[in-house]
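Taking it in order: structure first as structure tokens, then the write-up.
No hydrogens, no waters, no symmetry mates; every other heavy atom, side chains included, goes into these values. Convention: sequence-line order gives letters A, B, ...; per-chain numbering from 1.
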Amino acid sequence: MSHAPTGVIERPTPASPTPKSSLGSRSLPRLAPLGFAVVSVALGIGIPLAAGWHSRIQWGMLSALFFLAISYVVTTIVENQRQARDRLATSVMWVCFLIAVVPLASLLWTTIVRGAERLDGYFLTHSMAGVLGSEHSGGVYHALIGTLEQVGIATVISVPFGLLTAVYLVEYGKGTLAKAVTFFVDVMTGIPSIVAGLFILSIMLIASIEPSGLMGALALAILMVPVVVRSTEEMLKLVPNELREASLALGIPKWRTILKVVLPTAIGGITTGVMLAIARIAGETAPIILLVFGSQLINTNPFEGAQSSLPFYIYEQYRIGEAASYDRAWAAALVLIAFVMILNLVARGIARWKAPKTGR
Amino acid sequence: MAKRIDISGLSAFYGNHKAIEDISMTVEPRSVTAFIGPSGCGKSTFLRTLNRMHEVTPGGRVEGKVLLDDENLYDSNVDPVTVRRTVGMVFQRPNPFPTMSIFDNVAAGLRLNGSYRKSELNDVVEKSLRGANLWNEVKDRLNKPGSGLSGGQQQRLCIARAIAVEPQVLLMDEPCSALDPISTLAIEDLIGELKERFTIVIVTHNMQQAARVSDRTAFFNLAAVGKPGRLIEIDETERIFSNPSVQATEDYISGRFG
Ligand SMILES: Nc1ncnc2c1ncn2[C@@H]1O[C@H](COP(=O)(O)OP(=O)(O)O)[C@@H](O)[C@H]1O
Ligand SMILES: [Mg+2]
């Protein structure tokens, strides 16, 4: 746009004969990427078949490469270079997403299909007492009880402990002590579960304590505490300082401010963190092998005698190596995944229910 | 009920940084005192030393005396929690508790201090909301979350929350700076009513507001960039705005700097 420097009245310019917008340009239809995907998958499977390759991994990789190449080239031709680069970045993200999701979905699918064969009311309510490995009978009840009790005890121990530590670090801690605590929490996060198990085992040997669910739960608690501390810490840091100040300015003591204002505001996130920590320890096998010993029988007392647990049961059934025991292992794996999934759903539910309300 | 505040030789620090230096003044009971001055001259810092909120900031430290009717807030045997019950505060940005309903927000001070009778709670909440001119707008939704109100309503909710614990002094740090003109007017009217019962100190960036609501005005300024803020003068609001005794005050009020 050039304006005449002198103040002459501008003559209205006649409408240009081609009413083509200068901002719009040629563009591919919105569903074009879907078309690219179909074409590249067809090529990615067709060419190898013709060449006699049968590896599905090769098919997948070829399809992905075709997809990237086709979308880049076609977009360059139809649209322009900048759009093509944008399309390329988007396509790379989609391919990465698929690479990440495909194994996960396949794992879930296999577990559901194979686990569903044996999973029924009988399986959930019977133990392995007197069942031979090759028999199509028996169940997971004793292991389910074991997991629930051990994880329950570990949670009861580590949640108060972890919560208080996090409150200390965020609300009170400063100076060397806080730094030291943070350092130890970091170190504990990296402890392999077998080491936690060995630590408890050494205590058991020194004090000559028999294996029991409680000992396993102690090792699980060691693994759980740092996760709870870390996630709670992050959630507490998210609570705006203004709320603490508003409460303190009302003459509410600091400990009540933390209890009644800070923790309720963060409770949704804290619950999610705790649930994720539970999900993590529910799948631990090593400490159970060392400390709980494993059992075929129902033992509802976690404080005395050997117990089983879901991950231990899966391991044990797999080792038997019979068709029937493989079925039981898959079914138990499905039970474990369902357990973790349910915990996750519960956590999300609580987080949504407890989240600070904004509605009018 | 309302108390006089006598400040003498007050300095406040953030770690090693001295934010305000050697402030002495008197805040009269049952009146509104306005603090004006350029940004960063320490008005908020000074305000927060008056209810011992300054020490909540990491590194916050205070020297000097603040007498509340002859009792020094900074005596070693004084509990800051008790001070804050006597000297309430309203912040710049409305900050209702997000997990609580409107009712619970107003009741929070009493409930969390543990010093109330169930029967009186309803009355206190209604009285405080009426006192903050909010009752008619929220009486049908007391159980709805406080964060669902408009900004101006939220700020009045915070005022209701502050007066529910029956303080004797009310400190307000730019209470209208996040609000529209109508809400601002509502809060200014409210301040006029509240000064019958409380000693009020208000920080404001708005000269007209200071002139409208306050009885006395204190002007703060920085000696130079990086130097601590100081009290330049305090006087009747009319005099400060018509005939201040210091040139810097006149320059600031007439918009020549700041
Ligand atoms: N939390 C803090 N930590 C360190 N310095 C601060 C903090 N808050 C304010 N200050 C400093 O104190 C001085 C006064 O700030 P403030 O009281 O907020 O001024 P005002 O409210 O008049 O704008 C400024 O120099 C500011 O940088
Ligand atoms: Mg300020």
Side-chain angles (χ1 to χ4, degrees), chain A residues 163 167-179 181-182 232-273 349-360, chain B residues 47-48 50-59 79-102 104-115 141 143-150 153 157-158 161-167 170-171 173:
Chain A
L163 227 75
V167 166
Y168 167 75
L169 286 177
V170 176
E171 306 289 340
Y172 293 95
K174 40 184 170 270
T176 25
L177 181 59
K179 283 211 186 89
V181 173
T182 309
T232 307
E233 225 186 318
E234 293 310 317
M235 287 305 138
L236 291 180
K237 281 184 190 157
L238 284 182
V239 176
N241 231 352
E242 297 168 8
L243 294 182
R244 295 185 179 89
E245 295 203 332
S247 171
L248 291 176
L250 287 174
I252 298 170
K254 184 163 181 176
W255 65 274
R256 269 182 170 267
T257 297
I258 294 168
L259 210 62
K260 299 288 187 175
V261 175
V262 179
L263 284 177
T265 308
I267 194 69
I270 293 176
T271 323
T272 313
I350 292 179
R352 184 167 306 176
W353 171 50
K354 282 289 183 186
K357 299 160 185 71
T358 49
R360 295 225 156 194
Chain B
L47 198 71
R48 288 163 61 95
L50 301 185
N51 67 343
R52 297 198 60 171
M53 282 299 287
H54 178 64
E55 64 207 52
V56 170
T57 328
D79 181 2
V81 170
T82 333
V83 172
R84 292 175 201 143
R85 271 176 219 176
T86 320
V87 185
M89 186 159 207
V90 175
F91 295 81
Q92 184 167 359
R93 280 194 20 212
N95 52 3
F97 299 128
T99 51
M100 297 185 195
S101 66
I102 292 171
D104 293 342
N105 259 287
V106 181
L110 289 186
R111 273 206 183 126
L112 302 188
N113 284 328
S115 56
R141 45 169 169 164
N143 293 321
K144 293 276 164 57
S147 39
L149 298 173
S150 77
Q153 290 172 324
L157 178 63
C158 293
R161 181 175 68 182
I163 61 181
V165 291
E166 291 286 327
L170 200 56
L171 310 175
D173 192 351

List the atom of [X], the atom of [Y], and the distance in Å for their closest heavy-atom pair.
{"X": "B:P98", "Y": "A:T265", "answer": "CG-CG2, 3.9 Å"}
{"X": "A:A246", "Y": "B:R161", "answer": "CB-NH2, 3.4 Å"}
{"X": "B:M53", "Y": "A:E245", "answer": "CE-O, 3.5 Å"}
{"X": "A:A249", "Y": "B:N51", "answer": "CB-ND2, 4.4 Å"}
{"X": "A:K260", "Y": "B:L112", "answer": "CG-CD2, 3.4 Å"}

Chain A heavy atoms under 4.5 Å from B:P80: which part of the residue, side chain, backbone, both or neither?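 It is neither, since no heavy atom gets under 4.5 Å.
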Counting only non-hydrogen atoms closer than 4.5 Å, does B:V87 touch chain A with its backbone (N, CA, C, O), its side chain (CB onward), both, or neither? backbone
Report yes if some heavy atom in the side chain of B:N113 is under 4.5 Å from a heavy atom in the side chain of A:R256; otherwise report no.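 SC-SC contact between B:N113 and A:R256 ruled out.
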Of all of B:R52, B:R111, B:R93, B:M89, which one pairs up most often with chain A through heavy atoms under 4.5 Å apart? B:R93
Atom CZ in B:F97, atom OG1 in A:T257: separation rounded to 0.5 Å? 7.5 Å
Atom CG in B:N95, atom CZ in A:R244: separation rounded to 0.5 Å?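 One gets 12.5 Å once the value is rounded to the nearest 0.5 Å.
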Under 4.5 Å from any heavy atom of chain B, what part of A:S247 do you find: side chain, backbone, both or neither? both
Looking at A:V261, A:L259, A:L248, A:I267, which one has more heavy-atom pairs under 4.5 Å with chain B than the rest? A:L248
